[in-house]
Amino acid sequence: MRAEDTPLIRLEDYRPADWLIDTVDLDISLAPHETRVRAQLGLRPNPAGEPGAALVLDGDELSLAGLSLDGALLDGADFEATAQSLTIHAPPQRGFTLAIETVLDPSANTKLMGLYRSSNVYCTQCEADGFRRITYFLDRPDVMSVYTVRLEARKAEAPVLLSNGNRVATGDVAGTDRHFAVWHDPHPKPAYLFALVGGALDHVREDYVTADGRKTELAVYVEPGKAGRAGWALDSLVRCMRWDERVFGRNYDLDVFNVVAVSDFNMGAMENKGLNIFNDKYVLADPQTATDGDYASIEAIIAHEYFHNWTGNRITCRDWFQLCLKEGLTVFRDQEFSADERSRPVKRIADVRTLRATQFSEDAGPLAHPVRPRAYKEINNFYTPTVYEKGAEVIRMLKTLIGEDAFARGMDFYFERCDGTAATIEDFLACFAESSGQDLAHFARWYEQAGTPTIVASGRYDKASRSYTLELAQTTPPTPGQPEKQPVVLPVALGLVGKAGDLPLRSASNAYAGDGLVVLDQPSLSVTFTNIDEPPIPSLLRGFSAPARLELDLADDGLLRLFSADSDSFNRWQALQTVATRALTAAGRGDAPSAALTAKTGELAAALGIFLDEQALSDPAFAAQVLRLPAPADIAREIGKDVDPDAIHAAHRALAAGIGEKLAARLTALREKLDKKGPYSPDAEAAGRRALRNEALGLLALGDPVTGAGIAEAQYEAADNLTDRLAALAAMTLIPGEARERLIVRFGDLYATEPLVLDKWLMAQALIAEPGTLDRVKTLMSHPSFSLGNPNRVRALIGGFAANLTQFNRADGAGYDFIADIVIALDRTNPQVASRLLGSFKTWRMLEPGRRSLAHSALSMVSGTPNLSRDVADIAERALA
Ligand code: BES
Ligand code: ZN
């Protein structure tokens, strides 16, 4: 496939399906190489479709084994079947039943789309368009059907047989070693939410009664022997169900809710109705094999997929252009859940870090696209940080702009009015226009316009009139296909900080919405605050109230005052980050003498020292975020052009080492105070203490490698949990030498039979910022634990290397060639994983000319390879355009 040959699918070409499928009866007889699928589709003409149209069903690598219409075999001239489609030329113009038989080889399915086997477990992944790899179908989300599914398999091979909905029958197949289960899902759903699982699995379960009184049975299924690691996922499920009842008034709607963990999975997890299927990385946890971060992501992803039951499943998307309708909204919901379960400011900081690292960088490069794209060649390439994370930011801004009450009423309208439908962004926004009485037409531009706006802000205090005037302006740089940008609606949450804290805000300006909110919806505006008795320091974009860059006319000493005095935790964190970012961009560009960086290191260390003395112990999780400097990739993005990764890395190391050296005594003392007593617990409080202790360890390791190595090794010996052991390993990877190599070997031996932990071990090595890393990674590809066939292994080792700023971007181009070769090899078996890996090139245009040209050659090599998948061809084409 060449990308140029692939049709472009456009939002404006949407039209309803000509046919509807009210019912789907599946009879699936599972076998490793020959799985038989008999589908009976209850079809009727769609009143909203083209009358008299042929019936064209989608397929993908299918072969037809049988076909009849209302029980009668079809004449060969009446239909045409290819691997990609099944056409019935002149179907009856009334309701009828089409029976289709296909035969699949799940063991040969390396794409992990459709029906496949993962470690002897049969499972499916159908979003976005994998159902057509199981049977011919109208595989589009606006065709919603009621499913009844009969599964049959050898009892010994698949004692557990699961599908969507409720189990209505089970039994043995007389005279054979096989058994069956029948599942019925009363809720009409699009095909992408279909799922089945068959295998020998253990489970943990819990009874649950919903707020509206439904008894339901929750269960988490895992590989045999791993039930002891499923408890946290089940506990998280119970907590998120209660939260959705309390906060959004949403109850669960079936008699069972099953979660299944599989070890080969392209994504993180999937929200199939009543049968969520997960990458086992996001289910399995115990203190020895999961970190605090893993516990937090399991909680978040269990919640995300569960929340889709309302935002995604009961209300689904009309077409894939509306993907953010379910994903952006559901990310917003899972972020809010985690904020309520843990620390809200710390969660916000972590989310903004992710947004900037993934979405801002996407927006700044050749793959930039709007939250609702207008055209695509391969939908799998649009499950992006823009659709997800920026999509969630848009919902967050909507809530800020219309206020909590109108937001809650709008959500209720949405749930009432759109339940059972395949909806659009317009349907969604109409609910909030009504609940708030506001015209949201301008706000809706957030869905159409790509690019990260920059807000330029400056302020002036006038002593005579006791007033403070703030000037705000916005611009958005051009993105591919959108050279001209319009202003967007930017909610700017702000405060004016005086000597004794926030000053009361009074303003007669139109742009001031009250409650510390200015709405910047034009190219520029000015707001004057009155009755201000002292020159204040502006604290803008509090809580990161809009996904924008802020250029603030405020010197470092003002920022350092905000760091110590702002009432908004996010902006306290941001203030220090901004000071560090300024110093690092100057040094990374090579336009600041190293003396300037040294001086700034002293200022930052002094501010941090006071902070550590006074506040670190009262909120360790927040303090850990404060201690973590902006990453080298953040600095590269900030510099934006002619980037030299080595210069950035050197500046970053110098700053971290300087802080570590200057604060060594304090950091050591702090670590002692944080040393835990009692057994490991994954709760946010305990995790926060470990996070701060381990952040301190990283700085100590850079500040004084000899002492640092000693501390890291001692921590490794004393650790009773993976978080501390892995942090010790990570600190040691910063210190070249024999001791590091010995610890790497020990860690690898300790976890030789734990693939998910070895993933972290592989990644820690892939991230070492030294020229030897490429060879190390190549050697690790022959490690017994590694396989190109397992997406988690690939993401850990190869994806880890591609995220290594200095080594992926080696000046000799060997990093690019390595990733390009792997993309090409992987594309033959798993295009989705290959195309995501190729996405590592998304920032190539910001590099200095030498690296840029080497990255360009590697990309061109990929793009010129014959028989590429549509997934990889599309990314290569757009990255090069
Ligand atoms: N619906 C997606 C899973 C998916 C992604 C299917 C891409 C097909 C293509 C699921 O709800 C999801 O968003 N999963 C995320 C994790 C989530 C917490 C953001 C994932 O898999 O990365
Ligand atoms: Zn999702």
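Atoms within each ligand, like the ligands themselves, are counted from 1 in listed order.
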Nearest-0.5 Å distance, NE2 of residue H308 to CE of residue M270:
7.5 Å
A300 contact mode with ligand 1 (heavy-atom cut-off under 4.0 Å)
neither
Consider every N or O of N380 and every N or O of ligand 1, then say whether any pair is closer than 3.5 Å.
no
Regarding N164 and N272, do their side chains bring together a donor and an acceptor under 3.5 Å, going by distance alone?
no
Within the 4.0 Å heavy-atom shell around M270, which atoms of ligand 1 are there?
1 (N), 3 (C), 6 (C)
For atom 3 (C) of ligand 1, find the nearest protein heavy atom and state the residue, atom name and distance (0.1 Å precision).
A269 O, 3.1 Å
Please report which non-hydrogen protein atom sits nearest to atom 6 (C) of ligand 1, along with the residue it belongs to and the distance in Å to one decimal place.
E127 OE1, 3.3 Å
Donor on one side chain, acceptor on other, S545 and T400, under 3.5 Å:
no
Atom 7 (C) of ligand 1 - nearest protein heavy atom and its distance
Y383 CD2, 3.1 Å
For ligand 1, which atoms have a heavy atom of H308 less than 4.0 angstrom away?
11 (O)
Which of these, E305, Q125, M267, has its nearest heavy atom closest to atom 16 (C) of ligand 1?
E305
One finds that the ligand 1 atoms under 4.0 Å from a non-hydrogen atom of G268 are 20 (C), 21 (O), 22 (O)
Within a distance under 4.0 Å of any heavy atom of Y388, pick out the atoms of ligand 1 and give their elements.
2 (C), 5 (C), 12 (C), 13 (O), 19 (C)
Will you find, in the side chains of N381 and D871, an N or O donor that is under 3.5 Å from an N or O acceptor?
no
Using the ring pair (Phe, Tyr, Trp, His ring centres under 6.0 Å) definition, which of the options F382, Y14, Y192 pairs with W320?
Y192
Could you check whether any side-chain N or O of S338 sits under 3.5 Å from a backbone N or O of Q335, counting only pairs where one atom can act as donor and the other as acceptor?
no
Which N/O/S atom belongs to E327 and is the closest one to the Zn ion (ligand 2)?
OE1
List ligand 1 atoms under 4.0 Å from K326, heavy atoms only on the residue side.
1 (N)
Could you verify whether a donor N or O on one side chain and an acceptor N or O on the other, from T289 and E754, lie under 3.5 Å apart?
no
Looking at ligand 1, is there an atom of it that comes within less than 4.0 Å of some heavy atom belonging to Q832?
no
cation_pi(R242, Y208) dist<6.0 Å, angle<=45:
yes
Just checking, is any N or O donor in the side chain of N830 or T110 under 3.5 Å from an acceptor N or O on the other one?
no
What does the angle at the Zn ion (ligand 2) come to, between atom NE2 of H304 and atom NE2 of H308, rounded to 10°?
100°
With a distance cut-off below 6.0 Å to the six-membered ring centre and an angular limit of 45° from the axis, does R333 pair with F248 as a cation-pi contact?
yes
Pairs of nitrogen or oxygen atoms closer than 3.5 Å, one from E271 and one from ligand 1: do any exist?
yes
